Structures are given as structure tokens and as C-alpha cells.
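Note that the structure is a prediction, hence the values are computed from the model and not measured. Here is how names work: the chains are called A, B, and so on, in the same order as the sequence lines, proteins then strands, and each is numbered from 1.
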Amino acid sequence: MKPDIFEAPDYYHLDDLLSEEHKLVRDAARQWVKRDISPIIEEYAQKAEFPKQIIKGLAEIGAFGPYIPTKYGGAGLDYISYGLIMQEIERGDSGVRSTASVQSSLVMYPIFAYGSEEQRKKYLPKLASGEFMGCFGLTEPNHGSNPSGMETKFKDMGDHYLLNGAKLWISNSPFADVAVVWAKNEEGRIHGLIIERGMEGFSTPETHNKWSLRASATGELIFDNVKVPKENLLPNKNGLGAPLGCLDSARYGISWGAIGAAMDCYDTALRYAKERIQFGKPIAATQLQQKKLAEMITEITKAQLLTFRLGQLKNEGRATTAQISMAKRNNVDMALNIAREARQVLGAMGITGEYSIMRHMMNLESVITYEGTHDIHLLITGADITGHSAFK
Amino acid sequence: MKILVCISNVPDTTSKINFTDGDTKFDANGVQFVINPNDEFGLTRAMWFKEKQGATVHVATVGEASTEPTIRKALAIGADEAIRINAIPTDGFFVAQHLAEVVKNGSYDIVIAGRESIDYNGGMVPGIMAAMLDFNFVNSCISLEVDGNNATAIREIDGGKETLSTSLPLIIGGQKGLVQESDLKIPNMRGIMMARQKKLNVIEPIDASPATLDTKFEKPAPKGAVKLIDSSNIDELIDLLHNEAKAI
Ligand SMILES: Cc1cc2nc3c(=O)[nH]c(=O)nc-3n(C[C@H](O)[C@H](O)[C@H](O)COP(=O)(O)OP(=O)(O)OC[C@H]3O[C@@H](n4cnc5c(N)ncnc54)[C@H](O)[C@@H]3O)c2cc1C
């Protein structure tokens, strides 16, 4: 891996819109990624292993629940800070960002928003410090885009619940200490349950041979007559809206994260194009490569403006699910296209692990699928503007 | 033990340097500013004294409000309090007079400055301050230990090192080597949150004037084209080095 000489593009001086604290938070995350992620990430992606040693650092830069109030161990920051942290982490690697997104938005958020005071006190500080790692079980083998059809279910046994079913494609599952799991009760209503590693009948086999998010561990959650204490049910929200509320928060972070991956690809391609000489001149001096690079910076700039505005709306509590869908869909697609174009700018060098582009490109294939596929987000926008849902 | 770390706000090393107003002024447009690296080594050492020997650490800078992110970062790294002298740092003499005033009013035992800042490379501030305050002074300092009122410092000298024993009050001009680069701190979230609460005192400049004025800046001539010589053609290389580059 080459030394990390990344310089972040800021074509429209967006930094001027950020507060001093936003920049402090962002720069700390950027510095940390350069120091602790860039030198090791290629090796871990190549061997398809999550680098566990970075958990402490992720917690220290505030990647776990930055917007959770300080009394529960969070940092009490705003949503723009959260977005900036996600952007910087994904600049390093989408897999590492996935770990942080899951911990913050899919584990800490539901416990904070739907949990009891006891649950908040018990889990949130340990999740914020990285002492506990969490995962989120919604997707099942037969229910991906359509989670409402889920088959995982629990039965009230008087003094406990009995949980049965299986979840698939679960980020962090192989090493998670706790899982926020969505399952139906006997009336078919979706509820969230906190499952802890060690409960009898609960196992988490790892999914191998991924070509994407290789530095993030993905696996299953299998529940075979798991006895769940009643106090582990999230009491304050149920129905499909509960897991979807978590997804809003995670998708918001992804819309920022994707910009990070795109910036890294653009920065690498721009530098390479200026240095690579063919036909007696830098390839950056050719119109075709300029078209690629110019379109990249245009798309990155548009995406930055989109997320900044979305961040303001989120801070005011006004960002809608449909608005978040639009940003997630646009930005991940933008990043994937930039990764593909940037890889070509580097010619054969682009396919090697010497550069980050191909890793970003493969990672983004997951990012465009999880947290709602590219198609599903389009349908969300479609339903929002026409009033007709085209899902079924 | 009370320590003052003097911090200079300098362009990041990757910045593209340009001048305006007929090459008399630095063009700060689009430039990222950071803590001067020599000062960051000093701040890191000061944090060590805070952790291990219970020192109180203040930071001071001479600069306009635009320098506050740099000082806030120093607070997030762990400094207890910050002082900003609200003036444009015209030259080293001007800066040293203001910082000396802060030292006088704050009764510090140790002042840690950088050997030089990486923007104008003046290398004057700690020396002038030491003279004005009548403090002991060690420049190009690569190690500092303090025991009560006594200090042991190591100084980098041409081709070697010099170990000095001295006493407080003391000023050092720190540089690379004062701490391990791996010990440099990235502000963590706790630090950033605590920095919100910490005092950043803004004080107005005293009646001081610079001793020098910038009249013109010049950039080094751009690098010329590279000549590639076949590795089998040693004679041509020697000829070019001798007759054209006049390097040998
Ligand atoms: C690396 C990775 C990590 C993941 N981590 C998690 C996790 O931590 N927790 C979790 O719960 N899940 C996780 N997922 C699962 C992810 O959210 C699902 O893969 C995603 O929701 C899509 O479901 P699916 O794969 O079953 O695809 P399907 O839903 O089967 O979709 C297949 C294709 O059909 C399209 N399609 C589906 N419905 C429609 C429709 N109505 N109209 C038009 N087209 C349609 C889709 O867009 C897609 O192109 C992860 C996935 C990956 C790859």
C-alpha cells in the first residue's frame, strides 16, 4: 500500500459552512484514518478479516453513537458531525464505516430511542466505549427488501420469551456481544429484542467468500429456542416503523460515507493522471481523462451540498425518510460510478491493492445493496412524489 | 509546575503557497492551517508533564480570531487553558514581546516554544523571549526532564548531541525528537467535548512594534524538466553533472 497522501477536495468551500467543532471532529477522524486505517486496511481486506484492534480508536474518535447524549456515554454531537465522521471513515474503507454505522445507528439508536431507561444505562455506555460490539438483525434468507414478511418469531412463555428463526447478511454478527433482533410476536407484530452472546441456542456463523466489504465481518444469527428475558424487549416502539427508523439514521450516515469513498477515488485518480506520462504528456492533459475527472468533482460537489442540507434538516428533526432515501441512493451510485471511472484512469495499476480504488469499488457493491437497494430507494422517492406505492 | 506552550498557526505542509499584493503578502485563501509541527512536539511533551508530574499547561498564540481552531485543537489535545493575543504576528520580535508579557503575568516555570515555525522559519521567538525575561534557554531541544527546580535538556548540535543541566525558569526551543512521532496526539471525542468548557482568553495587544517588515517574497524557481540518462551511459552522466549541472 502506498503512503496515504489523501487531500480532500472542497471545490465549493463547504468548509466555510462548517463550525469550528465540525472541523475539529472531522480533522481528528481524518488524521486517525491516515494513522490507523490506511496502513493496515489493504492487508485485512485481502485476508478478509475485520481488524479488531481498531475498535478502541473508533470509540475514541467518536464513531460509536456521536449523537447519543453524553449521559449515556455518547458525544452529544449534531448530525453533521456524525456525517463527517462517517465520511472520513469510509474514505478509509466502507467496511470499517459499516461497523461504525451498525454500532451507532442500528444498535445504539434503537436502544436509545425505543429502549427503557434500564436498557439505555446497561448497554449504551459500553457500546459507546467499544467494550460491547453490536449487530442488527432484520434481513432473513427469504426476506430482504421486504422485511415485513419476516419469519423470525417469539412466543410469550410467561416469565420469558422463546425466540426462533434466522437472520442472514448481518454485519458484525461473528464477533458481536449483543444483537438487536427484529421478530414477530404471536399476533404478527414486529418487536425489537436485545439478544446477548452466550444465550443458549443462539449462534452466529460467519459468511465467507465475499468479494465486497472484506474487512467487515458478516454472518448469520441463528435462534434455536432461545430463552430471552422479558426485560430485553424494546418497550417503546413496535411495528415495521421501528426498524425502519433505525435505517433512516444509518442511511443518513451512508449518504455521507459514500462521499468519502468517492473523494478517495477521485483524489487518487487526479494525482495519478497528473503524474502518468503517455504519448509524451500527462494523461491528465487529455480531454478524455479530464472529462472523467471533471465529472467526478462535479458529482462529489453536488453530493456534498445534498448531504450538508440534509444534515441541517436532520438537526432540525425535519429530514424525511424519502429525503434520506434520495441522498443514500444518489450518493452511493455516484461513488460507485466514480470508483469505476477512477479505476480506469489508473489503467492496470487500478486493479492492484497498491491503490484503494478497486477495494472501494467492490465495497460499494454492498453499500448500493444494503440499507435498501438502489431500486428500493427509487421506489420510495416514487411513492413519495406520486402517492402510489409501486412495491407490490 | 506551570508550563506555557507557545503555538504558531502555520499552513499545512501540503498547502500551495502563493503571494498577493505584488508579492508582499501571503495568500491565505484556501490554505489549511495547523499547529506548527515543532510546537506540536512541545505540546506533546507538555502533556507528558501534565500526566506524569501534574503540570498545568496553558497555550498561547499571537493571532487573529481565525487562529482559534488551532488553539481549540490544543485544548482538545489536553491543554488546560488558552490565551490568544489578538494581533497579526508581524515578525518574531513583535510576537516575542507579546508572549513575554503573557509569561510575566502568568508566572510560568517553563516556556516551550518551537525552534522555528515552518512558515517564515524566523527562529527568533524563544531566544528573544529568554533575553527579555532573563530565563535560561535551550534551543534545538530534543529531550527535557524536570526534577524539582532542576532540568536536564538535550540539544541537537552539528553531528551530535549535547546534554545540559540547567534550572527553572526555563525556555526551550523544541523540535523533532523532543517526543516520539508516534506519541503525537489526535484529539479524541472526550477531549473535543471537554475543550468546549475550557477557557480561551482573548487579550488585546500591548504597545509593541515589529523590528522588521516584509517587503517582498519570492518563490523558488520551478523545477526544470528531468533528463533521463540510460544506466549504461555513465560517461554522459558524468559529463552532464560536471559541465551542465556543475555539481561535480
Ligand atoms: C455486506 C452486507 C452486509 C449487510 N448487513 C446487514 C445487517 O447488518 N443487518 C441486516 O438486517 N441486513 C444486512 N444486509 C442485508 C441487506 O440489507 C439486504 O441484502 C438488502 O436489503 C436486499 O435484500 P436481498 O439481498 O434479499 O435482495 P432482494 O430483496 O431479494 O432483492 C433482489 C433484487 O430485486 C430488487 N427488488 C426487490 N424488490 C423489488 C421491487 N418491489 N421492485 C423492484 N425491484 C425489487 C432489488 O432491488 C434487488 O436488485 C447486508 C447485506 C450485505 C451485502
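Summarising the geometry, atom CD1 belonging to Ile186(B) is positioned 3.5 Å from atom CZ belonging to Arg35(A); distances are rounded to the nearest 0.5 Å. The line from CZ of Arg196(B) to CG of Leu24(A) is 10.0 Å long, rounded to the nearest 0.5 Å. Once rounded to the nearest 0.5 Å, the distance linking CD1 of Ile5(A) with OG1 of Thr14(B) reads 10.0 Å.
Neither the backbone nor the side chain of Asp10(A) comes within contact range of chain B; no heavy atoms are under 4.5 Å apart. For Thr70(A), the part lying near chain B is the side chain, with the backbone staying farther off; criterion is any non-hydrogen pair under 4.5 Å. If you measure heavy-atom distances from Glu68(B) to chain A, the contacts under 4.5 Å come from both the backbone and the side chain. Interface residue Leu184(B): only backbone heavy atoms are found under 4.5 Å from chain A. At a 4.5 Å heavy-atom cutoff, the contact between Glu7(A) and chain B is made by side-chain atoms alone.
For OH of Tyr12(A), the number of neighbouring non-hydrogen atoms (other residues, nucleotides, ligands) closer than 6.0 Å is 12 at most. Other residues, nucleotides and ligands place no more than 12 heavy atoms under 6.0 Å from the CD atom of Gln180(B). Within 6.0 Å of the CD atom in Glu218(B), the count of heavy atoms belonging to other residues, nucleotides or ligands does not exceed 12. In this structure, Ile277(A) places its CD1 atom where more than 12 heavy-atom neighbours from other residues, nucleotides or ligands lie under 6.0 Å away. With a 6.0 Å radius and a threshold of 12 heavy atoms from other residues, nucleotides or ligands, Met194(B) has its CE atom at or below the threshold. Atom NZ of Lys34(A) sits in a crowded spot, with more than 12 heavy atoms from other residues, nucleotides or ligands closer than 6.0 Å. Counting non-hydrogen atoms of neighbouring residues, nucleotides and ligands closer than 6.0 angstrom, the CG atom of Asn29(B) reaches no more than 12 such neighbours.
Met189(B) has its side chain out of reach of Ile61(A): every pair of non-hydrogen atoms, C-beta onward, lies at least 4.5 Å apart. A heavy-atom distance below 4.5 Å is found between the side chains of Gln31(A) and Pro187(B).
For the pair Glu60(A) and Asn188(B), the tightest heavy-atom approach, listed with the atom from each and the gap, is O-CB, 3.3 Å.
Taking chain B as the reference chain and counting heavy-atom pairs below 4.5 Å, the highest number among Ala75(A), Ser81(A), Gly62(A) is found for Ala75(A).
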>> Before you tell me yes or no, could you show the steps for Asp27(A) and Lys73(B) under side chain to side chain contact (heavy atoms under 4.5 Å, CB included), namely the whole-Å CA-CA distance, both residues' side-chain angles and the distance that decides it to 0.1 Å?
In response: CA-CA 10 Å; Asp27(A) 292 349; Lys73(B) 182 176 174 189; over 6 Å; no
